[in-house]
Amino acid sequence: QVHLVESGGGLVQAGGSLRLTCAASGRGFSTYAMGWFRQAPGKERQFLARISWHGGSTNYADSVKGRFTISRDNTKNMVSLQMNSLKPEDTAIYYCAAGLYSDYLSSYKFWGQGTQVTVSS
């Protein structure tokens with residue numbers, strides 16, 4: 001069982017940056033791939049970024065490629081999402097998840113409760 005808690009969300013102006021952090025507790029964090037997803041009001045949850053269990057492989061959705069960077073520190077049981085050049089359309093609740101190295105929500109077994117990111121224009 002892995003328990004995930006996101007932090008770092010907030011209100012930022014367009015063009016600004018935020019760094020989200022996901023702290024994991026429980027057993028097996030370093031054996032799971034990690035992903036970041038987001039869900040805007042009235043929309044489906046969408047994949048943003050993923051990182052392999054060892055951190056050597058990453059993948060991004062086209063909508064955030066070049067602006068967002070995912071990283072992990074297995075010694076601290078933590079995964080981060082650095083978000084730069086934020087746009088109003090990035091406004092959503094952001095979730096981290098642990099599971100298989102995949103873009104699909106169904107591949108992830110454990111989810112955090114989410115953190116709100118609001119980007120003002």
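Here the structure is a predicted model, which means the values were calculated and not measured. Along the sequence shown, residues carry numbers from 1.
Sorted pairs that involve residues 71-86 and meet salt bridge (charged side-chain N to carboxylate O under 4.0 Å, His left out), not counting sequence neighbours, are lacking altogether. Applying the ring-ring contact (aromatic ring centres under 6.0 Å, His included) test to every pair with at least one member in residues 12-34, sequence neighbours left out, gives these pairs: Y32-F110. Counting only residues at least two apart or in different chains, disulfide bond (SG atoms under 2.5 Å apart) contacts with residues 28-92 are absent. Within the structure, salt bridge (charged side-chain N to carboxylate O under 4.0 Å, His left out) contacts touching residues 110-121 (residues at least two apart or in different chains) do not occur. Residue pairs meeting the disulfide bond (SG atoms under 2.5 Å apart) criterion with at least one partner in residues 38-80, sequence neighbours excluded, do not occur; the list is empty. Evaluation of the disulfide bond (SG atoms under 2.5 Å apart) test over residues 48-121, restricted to residues two or more places apart or in two chains, returns C22-C96.
Between A24 and V2, the closest heavy-atom pair is CB-CG1, 4.1 Å. Considering every non-hydrogen atom in both K87 and V119, the closest pair reads O-CB, 3.2 Å. Of all heavy-atom pairs spanning S80 and T21, the tightest one is OG-OG1, 3.9 Å. Residues L81 and A49 approach most closely at CD1-CB, 4.2 Å, considering heavy atoms. Smallest separation of non-hydrogen atoms from N59 and Y101: N-OH, 3.7 Å.
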Run M34 and L4 through side chain to side chain contact (heavy atoms under 4.5 Å, CB included) and show every step you take. CA-CA 11 Å; M34 296 297 296; L4 303 172; 4.0 Å; yes

Stepwise, does the side chain to side chain contact (heavy atoms under 4.5 Å, CB included) test hold for Q113 with V5? CA-CA 7 Å; Q113 84 290 346; V5 178; 4.1 Å; yes

Start with the C-alpha distance between R50 and T58, add both sets of side-chain angles, then the distance that settles side chain to side chain contact (heavy atoms under 4.5 Å, CB included), and finish with yes or no. CA-CA 5 Å; R50 55 183 162 105; T58 58; over 6 Å; no

Side chain to side chain contact (heavy atoms under 4.5 Å, CB included) between M83 and S17, worked out: CA-CA 5 Å; M83 306 187 296; S17 298; over 6 Å; no

Applying side-chain hydrogen bond (donor to acceptor under 3.5 Å, both in side chains) to Q1 and R27, what does each step give before you reach the verdict? CA-CA 6 Å; Q1 186 80 11; R27 302 181 69 174; over 6 Å; no

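Note on Y60: it clusters hydrophobically with V79, by side-chain heavy-atom contacts below 4.5 Å among ILVMFWY residues. Transitive grouping of hydrophobic side chains (ILVMFWY, heavy atoms separated by less than 4.5 Å) brings V12 and L48 into a common cluster.
We find the CG-CZ distance between L86 and R67 to be 6.5 Å, quoted to the nearest 0.5 Å. A distance of 5.0 Å separates CG of L11 from OG of S120, quoted to the nearest 0.5 Å. Atom CG of L20 sits about 8.0 Å away from atom OG of S7, to the nearest 0.5 Å. In this structure, CZ in R38 is found 14.0 Å from CD in E44, a value given to the nearest 0.5 Å. Atoms CD and OG, on E89 and S121 in that order, are 10.0 Å from each other to the nearest 0.5 Å. Separating the OG atom in S52 from the CG atom in L100 is a distance of 12.5 Å, to the nearest 0.5 Å.
The side-chain hydrogen bond (donor to acceptor under 3.5 Å, both in side chains) check on S107 picks up S102, with sequence neighbours excluded. Annotation: side-chain hydrogen bond (donor to acceptor under 3.5 Å, both in side chains) contacts of T118 (sequence neighbours excluded): Q116. By the side-chain hydrogen bond (donor to acceptor under 3.5 Å, both in side chains) test, T31 is found to be paired with no residue, residues two or more places apart in sequence or in another chain being considered. S30 pairs by the side-chain hydrogen bond (donor to acceptor under 3.5 Å, both in side chains) definition with nothing, not counting sequence neighbours. Take K65 and apply the salt bridge (charged side-chain N to carboxylate O under 4.0 Å, His left out) test, not counting sequence neighbours, and it matches D62.
The closest side-chain heavy-atom distance from V64 to W36 is not below 4.5 Å. Within the 4.5 Å cutoff, the side chain of V117 has heavy atoms near those of the L18 side chain.
Taking Ile, Leu, Val, Met, Phe, Trp and Tyr as hydrophobic and joining them when side-chain heavy atoms fall under 4.5 Å apart, one finds Y95 in a cluster with F37, F47, I93, L105, Y108, W111.
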